[in-house]
Number of protein chains: 2
Amino acid sequence: MSTTVDVPESSNVAKGKAVAVARAGGWKKGLAIMDFILRLGGIASSLAAAATMGTSDQTLPFFTQFFQFEASYDSFTTFQFFVITMSLVAGYLVLSLPFSVVAIIRPHAAGPRLFLIILDTVFLTLATASGASAAAIVYLAHNGNQDSNWLAICNQFGDFCAQTSGAVVASFVAVLILVLLVIMSALLLKRHYHS
Amino acid sequence: MSTTVDVPESSNVAKGKAVAVARAGGWKKGLAIMDFILRLGGIASSLAAAATMGTSDQTLPFFTQFFQFEASYDSFTTFQFFVITMSLVAGYLVLSLPFSVVAIIRPHAAGPRLFLIILDTVFLTLATASGASAAAIVYLAHNGNQDSNWLAICNQFGDFCAQTSGAVVASFVAVLILVLLVIMSALLLKRHYHS
């Protein structure tokens, strides 16, 4: 379908301006849709991180008279914090989807966008804190520390270490996605001067 | 000094609009100046964190034939990372001051503001990661971990522990300031609809 519009010569400037606005709108729509897709990816990676960490549990096949050797995420406060935080991040990202949809439909409404960027920043901090602290523990488990006489436990608890390392990697993916979400929201908040 | 301007009755709407713009501009100017002050606070706290951690070093007054008992930030990779990262954050915040000044002078220019919010987000992630991982190690040093047989070292290295804990607290202050900076930049990026 094509429509013909009679445009008087004098309104060429206005026409050019309208085209620029439409172009800026399309660019914004693309970013807003990418925002939604990135949120889905963030949900997947943070859920994967929480689930992988939450199911990490290894019991060694030998035991002494007094106790069994067992390592699970429960052993480390940091890993418990990790599971709770990554679940919170996943939950927040699910709840943020409707706002992302609203921002796609109404790309010029600043309200939902502002709401998203502020909460994204808060949850970015939360996700980074839990990912980094878990990474510090995983590093210790792999390498130990001589000066404090903490021995590496990954020789014994190989599966446990592999699983927690995987969870840390997944959380870093979630952090990367949240950083991208904040930056994209900032770009979207900046209203075009010729629009 | 007072100036009198003759305003025809018909331009009352325009006058009201101008007042609204001026009011919005004042609100923005206040936030922009607070941004600058918060940056100064961020520099202080991140420098304090880096310096406190970097000078943490405790040698126990007894030693065996083979080695002395010494704990310094060098002992832990995480603490080395902490010192480097917090110095980087302090350096970035110093370099960001001119941009903050430009944003005060020209509150409607979106360029510097966008530049600041993107880099603030990146350095927020960096600061959070180093603060949280150092906190995880400090927590271990205080409490130890039974399952992995890592003993608390703070009984022996009390001063070292106190100093590293202080550095972690200072880094959390820097993180809080960076979160506030990102949120304030988001508020400033959102251009007022009636301006």
Side-chain angles (χ1 to χ4, degrees), chain A residues 69-72 74-78 81 108-111 113-114 116-118 120-122 124-137 139-141 143-153 156-157 172 175-176 178-183 185-193, chain B residues 69-72 74-78 81 108-111 113-114 116-118 120-122 124-137 139-141 143-153 156-157 172 175-176 178-183 185-193:
Chain A
F69 291 100
E70 185 184 358
S72 80
D74 270 336
S75 318
F76 295 90
T77 323
T78 312
F81 172 64
H108 288 290
R113 187 53 64 194
L114 201 63
L116 284 177
I117 196 173
I118 291 175
D120 280 355
T121 307
V122 172
L124 163 65
T125 312
L126 215 61
T128 312
S130 69
S133 53
I137 302 295
Y139 179 85
L140 264 188
N143 298 295
N145 184 281
Q146 274 212 312
D147 289 310
S148 57
N149 206 23
W150 294 339
L151 299 174
I153 58 166
Q156 289 96 53
F157 295 104
F172 282 178
V175 166
L176 194 70
L178 280 166
V179 169
L180 287 178
L181 284 175
V182 171
I183 292 177
S185 286
L187 288 172
L188 285 169
L189 263 182
K190 168 178 164 291
R191 287 181 69 204
H192 257 252
Y193 277 69
Chain B
F69 292 98
E70 185 184 357
S72 81
D74 270 336
S75 319
F76 295 89
T77 324
T78 312
F81 172 63
H108 288 291
R113 188 51 64 194
L114 202 62
L116 285 178
I117 195 173
I118 290 175
D120 280 354
T121 307
V122 172
L124 163 65
T125 312
L126 216 60
T128 313
S130 69
S133 53
I137 302 294
Y139 179 84
L140 264 187
N143 297 296
N145 184 282
Q146 274 212 310
D147 289 310
S148 57
N149 207 21
W150 294 340
L151 299 174
I153 58 167
Q156 289 97 54
F157 295 106
F172 282 175
V175 165
L176 194 69
L178 280 166
V179 168
L180 287 177
L181 284 175
V182 170
I183 292 176
S185 286
L187 288 172
L188 285 170
L189 263 181
K190 168 179 165 291
R191 288 180 69 205
H192 256 252
Y193 277 69

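Proteins come first, then strands; the chains are lettered A, B, ... in the order of their sequence lines, and each starts at number 1. Source: prediction; values computed, not measured.
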If you take all heavy atoms of A:A132 and B:S133, which pair is closest and at what distance? O-CB, 3.5 Å
In short, A:L189 meets B:A186 closest at the heavy-atom pair CD1-O, 3.5 Å
Chain B heavy atoms under 4.5 Å from A:F81: which part of the residue, side chain, backbone, both or neither? neither
If one checks every heavy atom of A:A129 against chain B at 4.5 Å, the contacting part turns out to be both
Largest heavy-atom contact set with chain A, pairs under 4.5 Å, which of B:T78, B:I118, B:V122: B:I118
So do [Y] and [X] actually touch side chain to side chain, heavy atoms under 4.5 Å?
X: A:T121; Y: B:T121; answer: no
X: A:L140; Y: B:I137; answer: yes
X: A:L124; Y: B:T125; answer: yes
X: A:W150; Y: B:S148; answer: no

Pick whichever of A:T128, A:I183, A:N149 has the most heavy-atom pairs under 4.5 Å with chain B. A:T128
Looking only at A:I117, A:L178, A:V175, A:T77, most heavy-atom pairs under 4.5 Å shared with chain B are made by A:T77
Results of side chain to side chain donor-acceptor pair (under 3.5 Å) for A:S75 - residues two or more places apart only: B:D147
Under the side chain to side chain donor-acceptor pair (under 3.5 Å) test, which residues partner B:N143, sequence neighbours left out? none
